[in-house]
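Shown next, in structure tokens, is the structure this report addresses.
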2 protein chains.
Amino acid sequence: MNIGEASSASGVSAKMIRYYEEIGLIRPMGRTGNNYRVYGQEEVHILRFIKRARNLGFSLEETETLLKLWQDKSRESSAVKEVATTHIGDLERRIAEMQGMVKTLKHLANCCGGDNRPNCPILDDLAGDGAVGDGVVGKKIRA
Amino acid sequence: MNIGEASSASGVSAKMIRYYEEIGLIRPMGRTGNNYRVYGQEEVHILRFIKRARNLGFSLEETETLLKLWQDKSRESSAVKEVATTHIGDLERRIAEMQGMVKTLKHLANCCGGDNRPNCPILDDLAGDGAVGDGVVGKKIRA
DNA sequence: GTGGAGCTTCCCATCATGGGAAGGTCAAGG
DNA sequence: CCTTGACCTTCCCATGATGGGAAGCTCCAC
């Protein structure tokens with residue numbers, strides 16, 4: 001199987017497969033005489049594992065940890081659970097931040113007529129003349 | 001006022017102030033004889049506007065739009081409202097995606113004993129042997 | 001006059017991904 | 001046999017927003 005086939009079989013772009021190899025997330029693949037990478041079912045399986053972990057929002061670093069745990073027969077499932085629960089915490093913190101932003105924005109948008117008059121509470125608030133407060137919704141956009 | 005003072009008055013790092021100038025988000029500042037940038041209250045005000053928009057999760061591009069609308073006396077507040085509501089939609093989509101991830105992860109973590117036995121439903125699911133489905137929680141991590 | 005704090009520009013790193021160029025290779029069809 | 005097009009290879013660059021740090025200048029206080 002060439003990289004293109006492995007790509008469509010796993011849902012990971014060829015570009016990313018090469019990148020994952022480059023950063024050591026997956027082992028360098030064997031090559032044919034024409035220097036093409038060769039993949040088998042095993043590799044597709046690994047790539048789909050990675051794809052799913054990424055879909056769940058794990059970083060590549062976390063994915064690497066999970067991948068090693070997956071391939072380690074003697075691993076402790078508590079280690080995996082810890083990675084997962086830490087990640088849940090991260091996600092929930094980011095969700096809460098974003099919900100704060102939405103709440104503030106909705107409040108402002110509700111107060112904003114949206115008509116042709118230049119008065120706009122959204123801009124007034126951003127300019128700091130309003131009373132909604134200075135950055136109360138969260139300091140960091142991304143955790 | 002030098003850049004350091006403007007930075008602490010606005011909450012925007014000196015590095016970022018220079019960057020905003022470089023990408024044209026703010027006008028190039030006048031310089032003193034020693035080539036130091038000089039800032040006044042007006043500029044601090046603008047920087048705080050930017051800071052607040054960033055805190056609300058607006059991208060720099062959106063912030064630029066808002067900034068122009070803010071400085072345009074003849075703007076229509078409907079334009080501002082549109083930027084805000086679009087942004088609310090973006091945020092809500094991302095929140096929903098993340099909530100899907102959290103739900104799936106919590107389900108998996110609940111099923112995972114977290115003890116020393118190597119059986120782990122989280123890894124089983126990531127490996128694609130489980131029944132939870134293939135990436136149902138959202139294709140893209142970031143919108 | 002000296003030390004340290006602050007300013008300048010310039011380059012590099014992050015994280016994950018995509019775009020694209022330049023060149024090799026293979027298969028099919030004229 | 002030769003062309004065409006699809007595929008592969010490596011290499012460099014870009015994103016978005018931010019930080020780190022080096023090298024060199026200036027300014028102020030002591």
Side-chain angles (χ1 to χ4, degrees), chain A residues 1-26 28-39 43 47 50-67 87 90 94 97 101 135 138-143, chain B residues 1-26 28-39 43 47 50-67 87 90 94 97 101 135 138-143:
Chain A
M1 195 178 353
N2 285 339
I3 200 170
E5 241 177 309
S7 170
S8 39
S10 65
V12 180
S13 75
K15 209 93 181 180
M16 279 302 102
I17 295 176
R18 293 192 199 98
Y19 174 66
Y20 293 160
E21 180 182 315
E22 187 194 330
I23 64 171
L25 182 59
I26 58 179
M29 296 312 301
R31 306 288 182 108
T32 59
N34 50 27
N35 202 31
Y36 287 10
R37 288 171 180 84
V38 194
Y39 298 85
E43 284 77 33
L47 287 170
I50 294 170
K51 176 85 179 165
R52 286 174 156 228
R54 298 285 306 122
N55 277 142
L56 283 171
F58 288 101
S59 70
L60 283 186
E61 204 176 349
E62 290 166 323
T63 301
E64 189 174 14
T65 303
L66 290 170
L67 197 52
H87 187 57
D90 284 354
R94 283 158 64 185
E97 275 180 16
M101 294 175 203
K139 290 299 169 197
K140 294 181 69 179
I141 307 303
R142 278 180 192 147
Chain B
M1 190 175 1
N2 286 340
I3 199 169
E5 242 177 309
S7 170
S8 41
S10 65
V12 179
S13 74
K15 209 93 182 180
M16 279 302 102
I17 295 175
R18 293 192 199 99
Y19 174 66
Y20 293 160
E21 180 182 315
E22 187 194 331
I23 64 171
L25 182 60
I26 59 179
M29 297 312 300
R31 307 288 183 111
T32 58
N34 51 25
N35 203 31
Y36 287 10
R37 287 170 180 84
V38 194
Y39 298 86
E43 285 77 32
L47 287 170
I50 294 170
K51 175 87 178 164
R52 286 176 155 227
R54 298 284 306 123
N55 278 141
L56 283 171
F58 288 101
S59 69
L60 284 185
E61 203 177 349
E62 289 167 325
T63 301
E64 189 174 14
T65 304
L66 290 170
L67 196 54
H87 187 57
D90 284 354
R94 283 159 63 186
E97 275 180 16
M101 294 176 204
K139 291 300 167 196
K140 295 182 67 181
I141 307 304
R142 277 175 190 150

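Within every chain, numbering begins at 1; the chains are lettered A, B, ... in the order of the sequence lines, protein sequences first and strands thereafter. Just so it is clear, the structure is predicted and the values come from calculations on it, not from any experiment.
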Margin query: Between P on C:dA13 and CD1 on A:Ile23, what's the gap in Å once rounded to a whole number?
Written below: 16 Å

Item checked: Atom pair distance, as rounded to whole Å: CD in B:Glu22 and C1' in C:dT8 -> 13 Å

Checklist line | B:Met29 CE to B:Arg31 CZ distance, which is reported to the nearest 0.5 Å | finding: 9.5 Å

Item checked: Among D:dT9, C:dT17, D:dA17, the nucleotide that comes nearest once only the side chain of A:Arg18 is considered -> D:dT9

Check: Can you tell me how far the CD atom of A:Glu61 sits from the CD1 atom of A:Ile23, to the nearest 0.5 Å?
Finding: 10.0 Å

Margin query: As an exercise, state the distance from CD of B:Glu43 to OH of B:Tyr20, rounded to the nearest 0.5 Å.
Written below: 15.5 Å

Notebook entry, point to check: Can you tell me how far the OG1 atom of B:Thr63 sits from the CG atom of B:Leu25, to the nearest 0.5 Å?
Noted result: 7.0 Å

Next item on the list: Only counting residues at least two apart or in another chain, list the ones meeting side chain to side chain donor-acceptor pair (under 3.5 Å) with A:Asn34.
Entry: A:Thr32

Atom pairs and distances, donor-acceptor, side-chain atoms in residues 12-19 of chain A, under 3.5 Å, two or more places apart:
unit_1	atom_1	unit_2	atom_2	d
A:Ser13	OG	A:Met16	N	3.1

Note to self: What is the distance, to the nearest angstrom, from the CE atom on B:Met1 to the C1' atom on C:dC7?
What the structure shows: 16 Å

Check: Which nucleotide, C:dT9, C:dT17, D:dT9, lies nearest any side-chain atom of A:Arg31?
Finding: D:dT9

Next item on the list: Check salt bridge (Lys or Arg N to Asp or Glu O under 4.0 Å) between B:Glu62 and all other residues, then give those that pass, not counting sequence neighbours.
Entry: none

Check: Between A:Ser13 and C:dT17, does any side-chain N or O lie under 4.0 Å from OP1 or OP2?
Finding: no

Note to self: Using C1' atoms of five pairs at each end, report the bend of the helix from C:dG1-D:dC30 to C:dG30-D:dC1 rounded to 10 degrees.
What the structure shows: 30°

Next item on the list: Round to a whole Å and report the spacing from CD1 of A:Ile50 to C1' of C:dA16.
Entry: 13 Å

Check: 5'-most contact on DNA chain D: A:Ala14 or B:Glu61, nearest heavy atom basis?
Finding: A:Ala14

Next item on the list: Spell out protein contact along nucleotides 21-30 of chain D as letters: B when the base is contacted, S when just the sugar-phosphate is, - when no protein heavy atom is under 4.0 Å; keep the 5' to 3' order.
Entry: B----BS---

Checklist line | Euclidean distance, atom OH of residue A:Tyr20 to atom C1' of C:dC15 [Å, nearest integer] | finding: 11 Å

Check: Which residues satisfy the side chain to side chain donor-acceptor pair (under 3.5 Å) test with A:Glu21, sequence neighbours excluded?
Finding: A:Arg37

Checklist line | Spacing between A:Leu60 atom CG and C:dA16 atom P, to the nearest angstrom | finding: 4 Å

Next item on the list: To the nearest 0.5 angstrom, please state how far the CD atom of B:Glu64 sits from the CG atom of B:Leu60.
Entry: 8.5 Å

Check: Are any of A:Arg37's side-chain N or O atoms less than 4.0 Å away from OP1 or OP2 of D:dT9?
Finding: yes

Next item on the list: Would you kindly give the CD1-to-C1' distance between A:Ile3 and D:dT10, to the nearest whole Å?
Entry: 12 Å

Notebook entry, point to check: Once you round it to whole Å, what is the distance between P of C:dC10 and CD of B:Glu21?
Noted result: 12 Å

Checklist line | B:Tyr19, nearest nucleotide to its side chain (from C:dT17, D:dT18, C:dT8) | finding: D:dT18

